[in-house]
Q: 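Below you'll find the structure I mean.
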Amino acid sequence: MAQATKETPMMKQYQAVKDQYPDAFLFYRLGDFYELFNDDAIKGSQLLELTLTQRNKNSQTPIPMCGVPHHAVQNYIDILIDQGYKVAVCEQMEDPKLAKGMVKREVTRLVTPGTQMDMSGEQAKDNNYLTALVIEDQSYALAYTDLSTGELKTSVLDNRDSLINEMINLRTKEVVVDDTLEDSLLNFFNEQGILISHQGETVQSSEVSYLTQDLDSSSEVKVVSLLVTYLTVTQKRSLAHLQRAVAYEPSYFLKMDHYSKYNLELTNNIRSGKKQGTLLWLLDETKTAMGGRLLKQWLDRPLLDRKSIEGRQDKVQELLDHYFERSNLQDELTKVYDLERLAGRVAYGSVNGRDLIQLKTSLQQIPKVRYILESLNSPVFDELMKQLDPLEDIVGLLDQSIAEEPPISVTDGGVIKDHYNDRLDEYRDAMKNGKQWIAKLEAQERQNTGINNLKIGFNHVFGYYIEVTKANLDKLPDDRYERKQTLTNAERFSTPELKEKETLILEAQDKSTALEYQLFADVRDQVKESIDRLQRLAKRVAELDVLQSFAVVSETYHFIRPTYTKSHDLEITEGRHPVVEKFMGHQEYVPNDVSMNPKTNILLITGPNMSGKSTYMRQLALTVIMSQMGCFVPAKKAKMPIFDQIFTRIGAADDLISGQSTFMVEMQEANNALVHASENSLILFDEIGRGTATYDGMALAQAIIEFVHNRVHAKTLFSTHYHELTVLEDTLAELKNVHVGAVEKNGELVFLHKVEDGAADQSYGIHVAKLAGMPETLLKRANEILTGLESRAASLDNQQVHHVESQAENVSREIDLEKSDEDPKGKTEASQLALFDPVDVDPNVDQVLDQLKRLNLMSMTPMDVMNKMYEWQQKLQ
Ligand code: ADP
């Protein structure tokens, strides 16, 4: 990319630096500006809306250039980082006034999307994860860190799906790779907007050895080393706050693939992408940024271990039972700043006086928090309380050393308290006394000379001076006065005494700011020694914050503590969907029971559109997730097993509309469940098969149900608009029909949102058509056809039973049809034909009925309905 630059020494220097950072925007410091040149300038001026100018305008090869003022640089950097770019910041390393020849410049930091540290506002509750990835022995070793908190984790995943799941869950913006990664994976990251950073070699430093010392697997060591090397190369500062890498095993947690998390709207609203309207939004009553981040992590990884789940719930119960203590606790937590990120800034050296005061204030709350927990007098908090280290030594140090209201800058003085350091006190004394002394001198001089308007002043060029107006000059008695400066109306003088004090005062000022900075840096370094303790404390505070948040929401929304069974029984009495309920109000929401056991693994849910089928299914999934996070659940009573995985195929309204290869996604999601679910899993299938032609879809839906029934035995909720499937209850022992009720009231269909046993009344389609005002003749005809279809269906029942039984017996044969010697394929097709053989009626009728069934009345105007009617009448005549 190097362009012909008729190189001046400066452009030569620029180019040499740029060559080291070809994939980053280079912000090159020139006086009060950071300049971008060449391609960086052309692209940067567009992205940052800057005016593109030229350097050496009149030469044959002018250089494109644009710049940003140094004081506003962070805003511009943030814009580029948010868009997934890297920025290298190149500073002047010496004072241009003092430099001989070219000013020395160096890149002092490389900012990348995964290493961005300054999070504010809502973002403070988000982690920003940088990940690294290597492939070894056909497994994927993954490591990730949040540079602002120092968290460092690693895991080995044995298949690509799990890897992609983890990557999407982490919402990583940047991945560091070596050359072991396959192109298809890199392409996938590209498509996902994840920035790929190549790190050629790994450096084995003492830092890397320290960070990896708890890891057993070589590939984990390798990937953490890669990550740390990248950080060392790019950050060029202390990484002392990185915590020793912890290996984790995704199978220790309730597994949910990213489709499921997305569909269940755990952290992001499907429509807006925002937090509002999600489970996270509902559960988040945390008071600290650390708590907010931990809540999100718990939501991402609900637990499997009953003891740990109950451990959390015991604490929630205590906090729930003690309203006053809880609200005191909240008050104290509100005063705790982001300890994790403060620790990060201490290590980075970017902490200032105000940060240290925030740290002190936060730590000062800890004894109060402990006191509150003690007053609960409950053993469940013993362990947590023990770990709430108040870091009294650090509080003492900060309290003695750092001024209560320090300035932002750490180099201009005013940061250190009086009486912390004798030398500093002396300087300060000299400055203070010096000023008094000067005031005294002024009074004396006036008296001695009799010049009443004589004054002593100060300016940066001439220092202290005695100013006498021209009119009074002749009153100056002797030659002690040495002329310094002549003004229009006055003369300025110095005297030996004034000079002496001046030196003392100015020196004291200079030395005191330098000394203050030194003292500040010492304090910072002492705090840095305690980073481990700070980070441990931050974790405990975060945990306590999440637990109190659970207690608050449990009280506000009337959640109850679930109990657990080993027997695969699931009994939820009056369960609710917490988010839908919050939106519509407790009174409006109709609670529903869910009852399943080893003999009822599948609930087949029928009911008209918009009756609440999908809400019912989601509410069970959310209940399970909340319970395994250690929270209480929205129900009157809940007894359930601990699930190992949740799978969902729940169509979002808009993907039905956009039709973006929805059917393929539907099948992929369904397949994922069928392949990976166990008998301890929960599967939610909403309207499976809807995305294809009716018979095709119905056949698939039935086959899927049978597969789950015969092979998987997972707890499954299956909603369908294929009423025909309800006959499966007769043949599949573990399947039970339930339906969501609706009644007609004053000419309108009223959804009761109540889930009851048995199949839905199948005539709802025609019923809805009637409500829409369709012509009587058409409705009559539709009823006739329906009766015909039903009686035909009844006569086909035997064949169907036979079909089901043969399928149940031959499931495994069906799976590898090709391998079989007989021709089971032919047989299967034959039986499916028997099941779905259309009734012998006019094909037009069939078509009309089919269309009628699928009609989305909610989205039609009366005119649309009229037109459709007309079209059908034409067809039927
Ligand atoms: P379906 O899946 O049957 O088409 P949904 O589950 O999407 O229906 O529910 C449609 C709407 O009905 C929801 O948006 C909600 O407003 C309302 N609803 C669902 N379940 C309930 C309930 N139990 N109580 C009150 N309103 C409900």
Side-chain angles (χ1 to χ4, degrees), residues 260 262-265 269-272 276-279 281-282 557-559 572-595 603-623 633-638 648-657 662 666 669 683-691 697 701 716-723 725-726 737-743 745 748-765 767-768 771 853-860:
S260 302
Y262 173 81
N263 285 331
L264 292 171
E265 302 187 292
N269 185 309
I270 289 179
R271 262 160 260 272
S272 66
Q276 163 98 2
T278 63
L279 184 60
W281 167 76
L282 181 98
Y557 305 117
H558 314 286
F559 297 162
I572 292 182
T573 313
E574 300 196 7
R576 285 121 47 207
H577 186 302
V579 181
V580 175
E581 181 187 33
K582 178 172 163 116
F583 275 115
M584 65 174 37
H586 189 56
Q587 301 304 326
E588 294 299 309
Y589 194 87
V590 180
N592 275 307
D593 301 344
V594 189
S595 176
L603 295 183
L604 187 70
I605 310 165
T606 43
N609 259 345
M610 292 299 289
S611 60
K613 300 185 293 299
S614 132
T615 309
Y616 180 68
M617 304 207 294
R618 288 160 188 271
Q619 98 183 19
L620 178 60
L622 296 186
T623 302
V633 299
K636 199 162 184 191
K637 249 163 107 187
T648 64
R649 166 56 217 174
I650 300 182
D654 33 5
D655 59 44
L656 286 178
I657 292 164
T662 312
E666 183 176 332
E669 292 178 16
I683 300 178
L684 308 180
F685 280 156
D686 193 6
E687 308 264 359
I688 283 267
R690 196 176 184 161
T716 304
L717 302 190
F718 196 109
S719 83
T720 184
H721 65 293
Y722 296 125
H723 193 267
L725 295 178
T726 56
N737 283 324
V738 296
H739 71 281
V740 195
V743 290
K745 215 173 177 182
E748 270 183 45
L749 191 64
V750 177
F751 299 124
L752 302 176
H753 304 303
K754 195 78 196 161
V755 178
E756 282 154 0
D757 287 355
D761 176 353
Q762 62 177 326
S763 64
Y764 273 119
H767 197 103
V768 174
L771 292 172
K853 259 196 214 159
R854 290 151 164 265
L855 223 51
N856 183 357
L857 289 169
M858 297 303 177
S859 67
M860 293 178 83

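In listed order, ligands and their atoms are each counted from 1.
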Q: Quick check on side chain to side chain contact (heavy atoms under 4.5 Å, CB included): which of Asn592, Asp593, Thr623 does Ile572 satisfy it with?
A: Thr623
Q: Which word best sums up how the rings of His558 and His586 line up, parallel for under 30°, tilted for 30 to 60°, or perpendicular for over 60°?
A: tilted
Q: Is there a side-chain contact between Lys853 and His721 in this structure, where contact means two heavy atoms from C-beta onward sitting under 4.5 Å apart?
A: no
Q: With heavy-atom distances below 4.5 Å as the criterion, would you say the side chains of Tyr616 and Ile605 are in contact?
A: yes
Q: Which pair of heavy atoms, one from Leu603 and one from Ser595, lies closest together, and at what distance?
A: CD2-O, 4.2 Å
Q: Which residue in the set Arg576, Gln619, His753 passes side chain to side chain donor-acceptor pair (under 3.5 Å) when paired with Tyr589?
A: Gln619
Q: Distance below 4.0 Å between atom 14 (O) of ligand 1 and any protein heavy atom?
A: no
Q: With a cutoff of 4.0 Å, is Met584 in contact with ligand 1, counting heavy atoms of the residue only?
A: yes
Q: Within a distance under 4.0 Å of any heavy atom of Pro608, pick out the atoms of ligand 1 and give their elements.
A: 3 (O)
Q: Measuring only between side-chain heavy atoms, which start at C-beta, is Leu264 closer than 4.5 Å to Arg618?
A: yes
Q: What protein heavy atom sits nearest atom 10 (C) of ligand 1, and how far away is it?
A: Met610 O, 3.6 Å
Q: Which atoms of ligand 1 are found less than 4.0 Å from any heavy atom of Gly612?
A: 1 (P), 3 (O), 5 (P), 6 (O), 8 (O), 9 (O), 19 (C), 20 (N)
Q: Nearest protein heavy-atom contact for atom 2 (O) of ligand 1: which residue, which atom, what distance?
A: Ser614 N, 2.8 Å
Q: Heavy atom to atom 12 (O) of ligand 1, shortest distance: which of His753, His577, Gln619 holds it?
A: His753
Q: Can you tell me the protein heavy atom closest to atom 6 (O) of ligand 1 and the distance?
A: Thr615 OG1, 2.5 Å
Q: Report yes if Ser611 has an N/O atom closer than 3.5 Å to an N/O atom of ligand 1; otherwise report no.
A: yes
Q: For atom 24 (N) of ligand 1, find the nearest protein heavy atom and state the residue, atom name and distance (0.1 Å precision).
A: Val590 N, 2.9 Å
Q: Looking at ligand 1, would Gly607 count as a contact under a 4.0 Å heavy-atom criterion?
A: no
Q: Whether the Ser719 and Asp686 side chains hold a donor-acceptor pair (N or O, under 3.5 Å, no angle test) is what I'd like checked.
A: yes
Q: For ligand 1 and Lys613, I'd like to know whether there is a polar contact (N/O to N/O, distance under 3.5 Å).
A: yes
